[in-house]
Amino acid sequence: MIAIARYLAAAAATLAAGLAVAQQPAPPAFAPSNLSPAGVRSLAANCAACHGTNGKPAAGSTLAGLAGKPRNELLTAMSQFKLGTKPATVMHQLSKGYSDAELAALADYFSKQSR
Amino acid sequence: MSMQRRDFLKAGAAAAAAAGLAGCAGLPGGGSRARVVVVGGGYGGATAAKYLRLFDPSIDVVLVEPNEAFVSCPISNLVLGGFRTMASITTPYTGLVNNHGVRIVRDMVTAIDTDKKQVRLAKGEALAYDRVIVSPGVDFIAGAIPALERPDAQARVLHAWKAGPQTVALRRQLEEMRDGGVYVLSIPEAPYRCPPGPYERACQVAAYFKAKKPRSKVLVLDANPDVTSKGPLFKKAWAELYKGMVEYRGNSKAIDVDLRTGAVKLDLDDVKGDVLNVIPPMKAGKVADPFVTANKRWCEVDWLTFESKAAKGVHVLGDSTLSAPLMPKSGHMANAQGKACAAAVVALLNGESPNPAPTLSNTCYSFVSDTEVVHVASVHKYDVAARTFKTVPGSGGVSSGRNELEAGYALNWARNIWADTLS
């Protein structure tokens, strides 16, 4: 009897937990980062709209280019944007879309592009 | 006259032959090189064409586009405000040819034959392809605004939602309007191209009126219940910069226009104006019709490759796609998709597997006056369970307030994305 009551209580708890999970949207199941050369190249392509193709700014750009800058300088800036310790209009919001490993790979990629 | 025309046609045929395009309906790519035909030279298609060549220079890339030059929709609202010229938002296609070896065919695509793997052109030729990328942007849903089926009505009530001659014509209507007149902007139900675009347009027209026709009004009729993008920022701008000038009405879907009285017809009343700017509801660009699978409007794709769910070997990108959740139909997004699609097509043509973890990002800058800007930004990653893109939790957001610093960054964005797309 006690066993059954305990079983029922446990079942009810499981059910309640299940409902709570069902009511919340499932957290995204993002694919693991692709840090192969082609994967990083595609990741870096997202930066081109504001920083130029492969980090080389278009004529008349007001933002400095990313291409050929020291890896550490780039990574420090991006990490600080992500942490919110470097003032930004937009980079604090964009950098949070990338994992720390992705930011490191991006810094590596842009540091190796010719200016 | 007929002589001149014949000479012109002959010259055209000679140019096509010289470019190696005559009779190219034979072997794909005319030999061992794989050929990709890109349909549409907007933000999506032009970017895809350039990046195909960057990622794999052995691929023969042919871009089919009817317009002589690229005219940017982003920034075109500033032409309506009188703060920018058409020339400043126009970029030639020559960069794609000279810097990247993309071949450009100035023509309209009439059909895509997925059995023969050919793109048929209005001028009669056909282009063979190994893979085709379809990026035609949007078209308007026929019959949604019945009176606008007539060409003379279309010339009077403009949409100006594709930057070009309509932008110039709408600016002229605004210039010719009397001071004290009413400009009515009708916005269709979402999803439509450029979610914040209509609200930016209301700001730009108001900025022009404030400077030149201060007794005039901007009346926004929105089919949506509320401002669909950056709502608080736009409403603050209307209240603080254009007090008493901009009036916003939600849940106000246009069902027709009355050309005789000069009114936009809503369900319950008619709204008269001196300049009517009606943006009809949208669907995938016409050439993508065979690949429309959702609500008779949009094309569903496999988000890892952008391959159509309706046809093999056909990739659809940009505004024509059924957007992933929270993904805007924007020039920036089409540019990002163009690169992701190009990478996938290159992988497939080389017998490799496409990137299993693509990332896309977007930023839409809107000018709320000639000097102040607000943005919305997002980062989208591929969700393997849902097989679609989702925004990365904690990333993205909007400006904390309108500001001048970002006006500089917005123009910097324009410069760089135009170069990234076209040179």
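The sequence lines fix the lettering, A, B, ..., with proteins before strands; numbering per chain opens at 1.
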Review point. Side chains of S399(B) and E406(B): donor-acceptor distance under 3.5 Å anywhere?
Key: yes

Check your understanding: If you look only at pairs with a residue in residues 332-353 of chain B, which of them pass as a side chain to side chain donor-acceptor pair (under 3.5 Å), with sequence neighbours excluded?
Key -> T47(B)-N335(B), D56(B)-N350(B), H332(B)-W413(B), N335(B)-K339(B), N335(B)-D420(B), N335(B)-T421(B), K339(B)-D420(B)

**Study point:** Atom pair CZ (R53(B)) and CD1 (I59(B)), whose distance is rounded to the nearest 0.5 Å
**Key:** 8.5 Å

Check your understanding: Distance-only, no hydrogens or angles: does the N416(B) side chain make a donor-acceptor pair with backbone N or O of S61(A) under 3.5 Å?
Key -> no

Check your understanding: Where does L411(B) contact chain A at under 4.5 Å (heavy atoms): side chain, backbone, both or neither?
Key -> neither

Which donor-acceptor pairs under 3.5 Å do side chains of residues 391-398 of chain B form with protein atoms, sequence neighbours excluded?
residue: S395(B); atom: OG; partner: V392(B); partner atom: O; Å: 2.7

Study note, to complete from the structure: F367(B) meets the ring-ring contact (aromatic ring centres under 6.0 Å, His included) criterion, sequence neighbours left out, with none

Study note, to complete from the structure: The interface call for A385(B) against chain A, heavy-atom contacts under 4.5 Å, is both

Revision key, fill the gap. Looking only at A31(A), A29(A), G52(A), most heavy-atom pairs under 4.5 Å shared with chain B are made by A29(A)

Exercise for review: Tell me whether the guanidinium CZ or amine NZ of R41(A) lies under 6.0 angstrom from the six-membered ring centre of F55(B) and within 45° of its axis.
Suggested key: yes

Review point. Is a side-chain donor or acceptor of K230(B) paired with a backbone partner of P196(B) at a separation under 3.5 angstrom?
Key: no

Review point. Does any heavy atom of chain A fall under 4.5 Å from the side chain of Y365(B), the backbone, both, or neither of them?
Key: side chain

Review point. Which bit of A48(A) is near chain B, if near means a heavy-atom gap under 4.5 Å: side chain, backbone, both or neither?
Key: both

Check your understanding: Does the side chain of N54(A) pick up a donor-acceptor pair with the side chain of Y109(A) at under 3.5 Å?
Key -> yes

Check your understanding: Between L360(B), L54(B), L405(B), which residue shows the highest count of heavy-atom pairs closer than 4.5 Å to chain A?
Key -> L360(B)

Study note, to complete from the structure: Scored by heavy-atom pairs under 4.5 Å with chain A, the best of V379(B), N412(B), I417(B) is N412(B)

Exercise for review: Could you check which of L43(A), N34(A), T53(A) has the highest count of heavy-atom pairs closer than 4.5 Å to chain B?
Suggested key: T53(A)

Exercise for review: Using modelled atom types only, decide if a donor and an acceptor are shared between the side chain of K329(B) and the backbone of S320(B) within a distance under 3.5 Å.
Suggested key: no

Study note, to complete from the structure: Honestly, the part of T363(B) sitting under 4.5 Å from a heavy atom of chain A is side chain

Practice item. Sort by residue number and list every member of residues 80-98 of chain A having a non-hydrogen atom under 4.5 Å from chain B. Key: T89(A), V90(A), Q93(A), L94(A), K96(A), G97(A), Y98(A)

Review point. Which atoms of V384(B) come close to chain A, meaning under 4.5 Å heavy atom to heavy atom: side chain ones, backbone ones, both, or neither?
Key: both

Review point. For the atom pair NE2 (H315(B)) and CD1 (I133(B)), what is the distance rounded to the nearest 0.5 Å?
Key: 6.5 Å

